[in-house]
Amino acid sequence: MNAAASIKDWINTLQQNGKLYFSIEQVIEAFPGLQATGIRSALTRLSSKNNIISVWKGFYVIVPITYSKNGILPPVMYIDHLMQHIQRPYYVGLLNAAAFHGAALQQPQVFSVIVQFPALRDNRKKNIRLQFVIRRKFPVPDLLENRKTPTGYVKISNPELTAADIIQYEKEIGGLNRACTVLNDLVEVLDFTNLPDSFFEVITTASVQRLGYLLENIIEREDLANQLYDRAKLASCNFQIIPLKIGKGVENAIVNKKWKIIINAEIEIDE
């Protein structure tokens, strides 16, 4: 039996055991008698037949028949294992986390993963882009949740961190209008009353101000806005006058006194 056939049988066994991913180091360990060049050649041959796909250097996912049309597994099914492989803390965030929390979104072609500095380069495979959003201050576990997937578990931001991230990284998802539309879908699962202080260590004060203003004045959920306002004051957040929309002029704009927001943009929610 040649190397490709042997490795394919090994991959089939992995799949039968519910594992849809592997590293090249695992292949080398499983086939000590094969040369590294032979292993790489066999993996290249299997990749060309779309039996497997390399989603990162040295890390492969198996493509079951049920996913052969798309040519790749959904990232949620392998991202936890990939991040363990490259040894980086992470969580699934932004629109992908919002979808976990019930936001009615079209399946995004971008899969957003929040990672701690230093940066990772975005990765595109089969029309799906892994978007790595960098943050220097990484959340502690009490701001994250583990969710079950068909291949294990995945870390996601909790509802409150998701809401704040959508505002803080609004440019990554298409701007404030879209951020506010998603936020409107999240309001039923938000509760800011018991936010840990760590929330205010990872979310900028400016983002807290914008989030509170939008909740109160655009989404008309004064109850949630007041919860956030009270916790922000307990956490000694020092509000400064800032524009609602960064990079847009503020001439003759009104200032919201409570949230110290210069209202320099009209926000529309897509129904």
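Since the structure is predicted, the reported quantities are computational estimates derived from the model, not experimental observations. Keep in mind that the numbers below use all heavy atoms, side chains included, and drop hydrogens, waters and symmetry copies.
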Would you please name every residue forming a side-chain contact (heavy atoms from CB on, under 4.5 Å) with T44, sequence neighbours left out? none
Side chains of L186 and P159, heavy atoms from C-beta outward: is any pair under 4.5 Å? no
For Y21, the ring-ring contact (aromatic ring centres under 6.0 Å, His included) test, sequence neighbours excluded, returns H81
Quick check on E25: does its CD atom have over 12 non-hydrogen neighbours (other residues, nucleotides or ligands) under 6.0 Å away? yes
Measuring only between side-chain heavy atoms, which start at C-beta, is S47 closer than 4.5 Å to Y60? yes
Summary of salt bridge (Lys or Arg N to Asp or Glu O under 4.0 Å) pairs that have at least one residue in residues 77-94, sequence neighbours excluded: D80-K155
Can you list everything that forms a ring-ring contact (aromatic ring centres under 6.0 Å, His included) with Y78? Sequence neighbours excluded, please. none
Give me each pair satisfying side chain to side chain donor-acceptor pair (under 3.5 Å) with a member in residues 48-58, each pair once, sequence neighbours excluded. none
Treating S207 as the side-chain partner and I167 as the backbone partner, does any N or O pair qualify as donor plus acceptor under 3.5 Å? no
Does atom NZ of K258 have more than 12 heavy-atom neighbours, drawn from other residues, nucleotides or ligands, at distances under 6.0 Å? yes
For residues 147-154, which side-chain N or O atoms pair as donor and acceptor with protein atoms under 3.5 Å away, sequence neighbours left out?
| residue | atom | partner | partner atom | Å |
| --- | --- | --- | --- | --- |
| R147 | NE | E145 | OE1 | 3.2 |
| R147 | NH1 | F100 | O | 3.4 |
| R147 | NH2 | E145 | OE1 | 3.1 |
| T149 | OG1 | T151 | N | 3.2 |
| T149 | OG1 | T151 | OG1 | 3.4 |
| T149 | OG1 | G152 | N | 3.2 |
| T149 | OG1 | G152 | O | 3.3 |
| T151 | OG1 | M77 | O | 2.4 |

Between L183 and L190, is any pair of side-chain heavy atoms under 4.5 Å apart? yes
Partners of H101 by ring-ring contact (aromatic ring centres under 6.0 Å, His included), sequence neighbours excluded? none
Answer yes or no: is there a side-chain heavy-atom contact under 4.5 Å between N177 and I267? yes
Not counting sequence neighbours, list each pair that qualifies as a salt bridge (Lys or Arg N to Asp or Glu O under 4.0 Å) and has a residue in residues 162-174. R135-D165
Who are the ring-ring contact (aromatic ring centres under 6.0 Å, His included) partners of Y213, not counting sequence neighbours? none
Contacts of P64 meeting side-chain contact (heavy atoms from CB on, under 4.5 Å) (sequence neighbours excluded), chain-then-number -> Q15, L20, T66, Y67, L73
Take N217 and I263 through the test side-chain contact (heavy atoms from CB on, under 4.5 Å) and record every step on the way to the result. CA-CA 11 Å; N217 297 280; I263 307 169; over 6 Å; no
For the residue pair L228 and L195, establish whether any side-chain heavy-atom pair is separated by less than 4.5 Å. yes
To the nearest 0.5 angstrom, please state how far the CD atom of Q168 sits from the CD1 atom of I203. 4.5 Å
For the CD1 atom of I173 and the CG atom of N96, what is their distance to the nearest 0.5 Å? 10.5 Å
Does a side-chain heavy-atom distance below 4.5 Å link L214 with L176? yes
Verdict with supporting geometry, I24 and R40, side-chain contact (heavy atoms from CB on, under 4.5 Å): CA-CA 8 Å; I24 195 167; R40 293 183 188 280; 3.3 Å; yes
What residues form a side-chain contact (heavy atoms from CB on, under 4.5 Å) with Q227, not counting sequence neighbours? D191, F192, T193, L224
Do any N or O atoms from the side chain of N17 and from the backbone of K19 form a donor-acceptor pair under 3.5 angstrom? no
Could you tell me which residues satisfy side-chain contact (heavy atoms from CB on, under 4.5 Å) with K233, sequence neighbours excluded, listed by chain and number? Y229, F239
Okay, side chain of D122, backbone of R129: is any donor-acceptor separation there less than 3.5 Å? no
ILVMFWY network linking I254 to I242, side-chain heavy atoms under 4.5 angstrom: no
So does I261 get a backbone contact from the side chain of Q209, meaning a donor-acceptor N/O pair under 3.5 Å? no
With no hydrogens and no angle check, is any side-chain donor or acceptor of R210 less than 3.5 Å from a backbone partner on P243? yes
Is any side-chain heavy atom of I218 closer than 4.5 Å to one of N184? no
Evaluate the side-chain proximity of C180 to I219: yes if any heavy-atom separation is below 4.5 Å, no if none is. yes
